[in-house]
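Here is the structure we will look at, set down as structure tokens.
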Amino acid sequence: MNTRQKDETYIAGTYARFPLTLVSGHGSVVRDEEGKEYIDLGSGIAVNTFGVSDDEWVKAVCTQAATLQHTSNLFYAAPCADLAEMLCHRTGMKKVFFSNSGAEANECAIKAARKFGIETKGKDCSEIITLRNSFHGRTITTLAATGQDVFHWDFAPLTQGFRYVNVGDLATLRSMLEEGRTAAIMVEFVQGEGGVLPLPADFVEGVAALAAEFDVLLIADEVQTGNGRTGALYAYMNYGVQPDIVTTAKGLAGGLPLGATLLGERVQGVFTPGTHGSTFGGNPVACAGALSILSRLDDKLLSSVREKAEYIRTALEGAPGIVRVTGMGLMIGIETKADASKVIEKCRERGVIVMKAKNKVRLLPALNIPEELLRKAVGVIREVCAGLSL
Ligand SMILES: *Cc1c(COP(=O)(O)O)cnc(C)c1O
């Protein structure tokens with residue numbers, strides 16, 4: 001059996017994979033079994049922050065793996081302490097809890113918010129409000145947090161204590177808060193899986209103002225938007241609001257599983273020994289990878305992300321076959337006249353990997369993608385969209 005047949009025989013059928021087996025790569029170029037090369041505008045869903053097998057990252061990860069690959073959280077270890085310090089210094093947050101995925105980072109945020117709400121405002125004060133069309137993960141609790149019914153089907157009963165409001169509907173949010181049972185409001189500043197939709201700035205301001213007025217926590221799910229993706233270190237920084245809790249994962253360790261829940265001033269003391277934990281969380285190898293990534297997400301890199309984003313937007317907006325371009329930074333959604341799946345397939349045939357979000361073509365290139373490759377890939381997308389809409 002080849003890899004595809006073996007996968008389809010033995011791996012649970014949760015994924016509709018592209019008909020492509022990737023075997024290697026470097027930077028923003030990946031290779032399939034036949035040695036065909038592709039420009040990768042997906043980065044493993046915003047995970048490979050500096051592309052595939054980035055030299056500096058490989059060195060950091062391999063050095064740590066050859067030194068000490070795991071300690072358990074019964075001991076102190078430098079990589080996770082150093083990473084927590086760096087995250088706090090760069091964000092102003094006070095404490096970090098490390099886990100292994102976005103869903104786990106959100107689970108931790110939800111536990112923190114519930115405990116904080118119950119301890120400071122009473123036992124009925126544990127409700128969390130999220131947005132419709134949001135995506136927060138696949139565990140039973142983060143599914144409950146996810147404001148899309150399609151993810152809920154087949155898995156009832158979900159965790160209780162979540163309610164949803166539409167993006168833009170501050171009046172309903174206010175009336176929910178007036179009931180006095182809310183611990184936190186949780187949002188993605190750019191809804192990723194929901195179709196690459198940035199929240200309107202005035203809505204975000206309104207949410208932050210209501211959170212302050214009703215003394216509830218603001219949780220930013222930056223699992224996808226974090227770590228430079230939107231042109232700021234974290235997307236909330238583009239909006240000028242201060243969340244109480246920030247979760248992140250995907251791009252944090254540049255290709256290794258690592259989740260982080262950042263706790264701000266008000267909630268920094270919420271967890272005490274025994275109240276949360278993770279065997280693998282804060283793994284030294286993953287943290288060494290993250291240190292290599294985060295230390296390079298400086299002002300220069302972030303401004304190059306914004307420039308590349310501007311280039312893509314200008315090149316695609318209004319081009320033949322393209323209806324609309326949405327997103328923020330290098331998190332881009334393209335509404336195409338032709339069916340998005342068809343566009344994705346044609347791009348792949350022509351050596352460019354792009355992905356889907358809802359009915360849109362989604363781009364999540366490596367933050368350091370060379371300009372020349374980016375220009376080439378954007379040219380292919382333009383030609384494919386124009387060709388398919390004739
Ligand atoms: C991907 C994603 C998650 C889930 O992350 P996993 O690592 O797959 O558990 C949660 N929230 C957002 C916004 C995401 O994009």
Side-chain angles (χ1 to χ4, degrees), residues 12 14-17 42-49 97-113 128-148 150-152 155 158-159 162 164 167 184-199 204 218-230 232 234-236 238-239 243 245-262 278 280-283 286 289-290 293 326-333 355-358 360 362-364:
T14 58
Y15 304 110
R17 300 196 204 274
S43 307
I45 321 185
V47 167
N48 300 330
T49 304
F97 178 86
F98 288 117
S99 54
N100 317 282
S101 68
E104 280 177 277
N106 285 339
E107 289 270 350
C108 174
I110 291 161
K111 280 181 74 172
I128 294 174
I129 299 173
T130 68
L131 300 179
R132 291 231 167 72
N133 197 46
S134 58
F135 181 82
H136 297 295
R138 301 284 193 164
T139 62
I140 289 292
T141 296
T142 57
L143 273 184
T146 294
Q148 300 189 60
V150 47
F151 289 102
H152 296 174
F155 301 109
L158 298 180
T159 304
F162 290 89
Y164 319 101
V167 172
I185 306 166
M186 175 152 117
V187 304
E188 300 158 86
F189 286 95
V190 184
Q191 294 188 327
E193 305 306 307
V196 202
L197 299 167
L199 298 184
V204 171
L218 180 59
I219 303 174
D221 177 347
E222 300 246 15
V223 170
Q224 190 166 159
T225 53
N227 315 302
R229 178 57 49 191
T230 67
Y234 291 97
Y236 74 82
N238 290 318
Y239 285 89
I245 302 177
V246 177
T247 66
T248 193
K250 288 190 170 86
L252 177 59
L256 287 172
L258 183 64
T261 307
L262 281 52
S278 165
F280 285 116
N283 170 272
I293 298 292
T326 64
M328 191 182 276
L330 289 177
M331 185 172 175
I332 293 170
M355 299 178 314
K356 210 171 163 197
K358 285 273 172 77
K360 288 190 182 128
R362 169 162 56 159
L363 313 184
L364 294 161

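Note that ligands are numbered from 1 as they come in the structure, with each ligand's atoms numbered from 1 the same way.
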(message) Please output the residues near ligand 1 using a strict heavy-atom distance under 4.0 Å, listed in chain and residue-number order.
(response) Ser101, Gly102, Ala103, Asn106, Phe135, His136, Gly137, Glu188, Asp221, Val223, Gln224, Lys250
(request) Just jot down the side-chain contact (heavy atoms from CB on, under 4.5 Å) partners of Ala113, sequence neighbours excluded, or say none. (result) Ile128, Ala184, Leu217, Ile219
(message) Determine whether Gln224 and Leu364 satisfy the following criterion, side-chain contact (heavy atoms from CB on, under 4.5 Å), listing intermediate values before the conclusion.
(response) CA-CA 10 Å; Gln224 190 166 159; Leu364 294 161; 3.7 Å; yes
(message) Just to verify, what does Phe189 make a ring-ring contact (aromatic ring centres under 6.0 Å, His included) with, not counting sequence neighbours?
(response) Tyr239
(message) If you count every heavy atom of other residues, nucleotides or ligands that lies below 6.0 Å from Tyr164 atom OH, does the total exceed 12?
(response) yes
(request) Quick one: list whatever passes side-chain contact (heavy atoms from CB on, under 4.5 Å) with Asn106, sequence neighbours left out. (result) His136, Thr142, Met186, Asp221, Val223, Thr247
(message) Tell me whether Glu104 is salt-bridged to Lys111, with the criterion being a basic N under 4.0 Å from an acidic carboxylate O.
(response) no
